[in-house]
Amino acid sequence: MHMADGFVSPAVGCTMWAATAAITVLCARKIKQEKEARLVPLMGVLGAFIFACQMLNFTIPGTGSSGHLGGGLILAILLGPYAGFLVMAAILAVQALFFADGGLLALGCNIFNLGFFSCLVAYPFIYKPLAGGSPGTGRITLASITAAVIGLQLGAFSVVLETTASGISALPFAQFVELMLPIHLAIGVVEGLATAAVVIFISKAQPSLLRPAEPEHGTPKRASFTVLGIFAVAALLCGAALSWFASAYPDGLEWSVAGVTGSEETSLAAPSAIHRNLESVQTATAIMPDYALPAAEETVPDTEPASLVNPETSLAGILGSAIIAALIFLAGFLFDRKPHEDRPR
């Protein structure tokens, strides 16, 4: 559901930017109030892990489409809804700025669709009640699948509403809904199973991460070095090697758009000044557009046989994961600094 700028009008894009910014400020304040600074290392490695996992598109049999892990529910379960939302926002911002994956005008929409519904709706209102206080494998699986499916359905429907409200693309509401919701239902089931696998692993490796922090009793949540190392190695493995096996089929959004218009992309016949300016910004900041080196398209002939091993994909996976982890660590360091007047004299 990484929408391009051609899907949204400036009015809708700016409105969703404002809404997302307000939610981001609220989440940051909540984290500061709850004093969850010791979660920063886990936020960093999980951000890198989810970024790498989003590169692993899997084929949806019988559809000619593919999907990938969103990861918002995993982040919310392990970090809490507020930290999870902030990490998802960081992932999507890095993808848009450095890899031209999703538009800058549509970035507010993308963060809202992938972060808000999974972290701040599906997790607290669906996953937690279904999982209960001390869930076993069965309850974790049921809660994960149900929450993932509903979160993705809400996000997919939000995409339809945003494009319809924009009124700049040839995407009829009813036909777009008929394609978007079923394909994201299938993606949601796979996401739920993946989420359950991660949560079950954590329930065995470090169950304290699944319990809320108790700062008043001096017991904040903090991931063990073993858990941090496992997620870091998993991020490296997914981004550097498993990404070679990603499905080449269009993702759920592209497939749905193609089913309506006959083309996977939506381009504007007469883009606005905001569209043109943000496209120029993205062109300047994207170091690896579409997760490839810019010169690769000019130097590699069309007749060259495809190779399974793709060093550029590996570089993109490693680089993106490293950027996200570094940004989160830096933000955590700056966020945890006390004002000068509050420091002991």
Side-chain angles (χ1 to χ4, degrees), residues 16-51 70-97 107-108 110-128 131 147 151 155 195 198-199 202 206-225 227-228 231-232 235 321 323-343:
M16 296 307 299
W17 256 101
T20 299
I23 297 171
T24 301
V25 171
L26 173 63
C27 290
R29 288 179 177 174
K30 288 288 188 179
I31 291 176
K32 191 170 185 179
Q33 291 172 1
E34 295 173 3
K35 300 179 180 179
E36 291 281 24
R38 294 191 183 186
L39 275 179
V40 169
L42 184 59
M43 291 171 67
V45 295
L46 276 179
F49 172 69
I50 295 300
F51 172 88
L73 187 59
I74 292 176
L75 295 174
I77 294 171
L78 300 186
L79 300 172
Y82 307 116
F85 179 86
L86 293 181
V87 173
M88 179 58 69
I91 293 169
L92 293 171
V94 167
Q95 289 173 336
L97 284 169
L107 181 58
N110 291 333
I111 294 174
F112 189 87
N113 298 338
L114 284 166
F116 175 78
F117 291 115
S118 293
C119 297
L120 300 175
V121 177
Y123 168 69
F125 298 112
I126 300 168
Y127 178 86
K128 288 183 69 176
T195 299
V198 172
V199 176
I202 291 296
Q206 191 181 351
S208 62
L209 285 179
L210 301 179
R211 295 193 291 268
E214 299 179 3
E216 65 274 10
H217 296 103
T219 57
K221 293 166 66 173
R222 180 168 60 182
S224 67
F225 287 110
V227 169
L228 293 175
F231 276 119
S321 298
I323 291 174
I324 289 171
L327 286 177
I328 292 174
F329 275 101
L330 177 61
F333 170 76
L334 296 176
F335 192 76
D336 194 45
R337 291 185 64 184
K338 297 179 180 179
H340 180 72
E341 59 270 17
D342 292 339
R343 295 176 184 171

Taking all atoms of both residues into account, what is the closest heavy-atom pair of [X] and [Y], and its distance?
{"X": "Leu107", "Y": "Ala96", "result": "CD1-CB, 4.2 Å"}
{"X": "Gly70", "Y": "Ile50", "result": "O-CG2, 3.5 Å"}
{"X": "Leu79", "Y": "Gly84", "result": "CB-N, 4.1 Å"}
{"X": "Ala122", "Y": "Ala147", "result": "CB-O, 3.4 Å"}
{"X": "Val227", "Y": "Ile202", "result": "CG1-CD1, 3.9 Å"}

From [atom1] ([X]) to [atom2] ([Y]), nearest 0.5 Å:
{"X": "Phe329", "Y": "Met43", "atom1": "CZ", "atom2": "CE", "value": "10.0 Å"}
{"X": "Tyr127", "Y": "Ile77", "atom1": "OH", "atom2": "CD1", "value": "4.0 Å"}
{"X": "Phe225", "Y": "Gln206", "atom1": "CZ", "atom2": "CD", "value": "11.0 Å"}
{"X": "Ile328", "Y": "Ile323", "atom1": "CD1", "atom2": "CD1", "value": "12.0 Å"}
{"X": "Trp17", "Y": "Phe112", "atom1": "CH2", "atom2": "CZ", "value": "14.5 Å"}

| said: Among Ile31, Leu75, Ile111, Leu26, which residue satisfies the side-chain contact (heavy atoms from CB on, under 4.5 Å) criterion with Phe85? | reply: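 By the side-chain contact (heavy atoms from CB on, under 4.5 Å) criterion, Phe85 pairs with just one of Ile31, Leu75, Ile111, Leu26: Ile111.
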
| message | Out of the candidates Leu46, Leu73, Val87, only one should pair with Leu78 under the side-chain contact (heavy atoms from CB on, under 4.5 Å) rule; please name it. | response |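 Only one of Leu46, Leu73, Val87 forms a side-chain contact (heavy atoms from CB on, under 4.5 Å) with Leu78, namely Leu46.
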
Could you give the side-chain donor-acceptor pairs of residues 114-121 under 3.5 Å, partners two or more places apart or in another chain?
none

| Can you list the steps and then say if Leu209 with Leu42 is a side chain to side chain contact (heavy atoms under 4.5 Å, CB included)? | CA-CA 10 Å; Leu209 285 179; Leu42 184 59; 4.1 Å; yes

| Partner residues of Phe49 under the ring-ring contact (aromatic ring centres under 6.0 Å, His included) criterion, sequence neighbours left out |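 ring-ring contact (aromatic ring centres under 6.0 Å, His included) list for Phe49, sorted by chain: Phe231.
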
With a 3.5 Å cut-off and sequence neighbours excluded, list the donor-acceptor pairs that the side chains of residues 88-95 form with protein atoms.
from: Gln95; atom 1: OE1; to: His2; atom 2: NE2; distance (Å): 2.7
from: Gln95; atom 1: NE2; to: Gln54; atom 2: OE1; distance (Å): 2.7

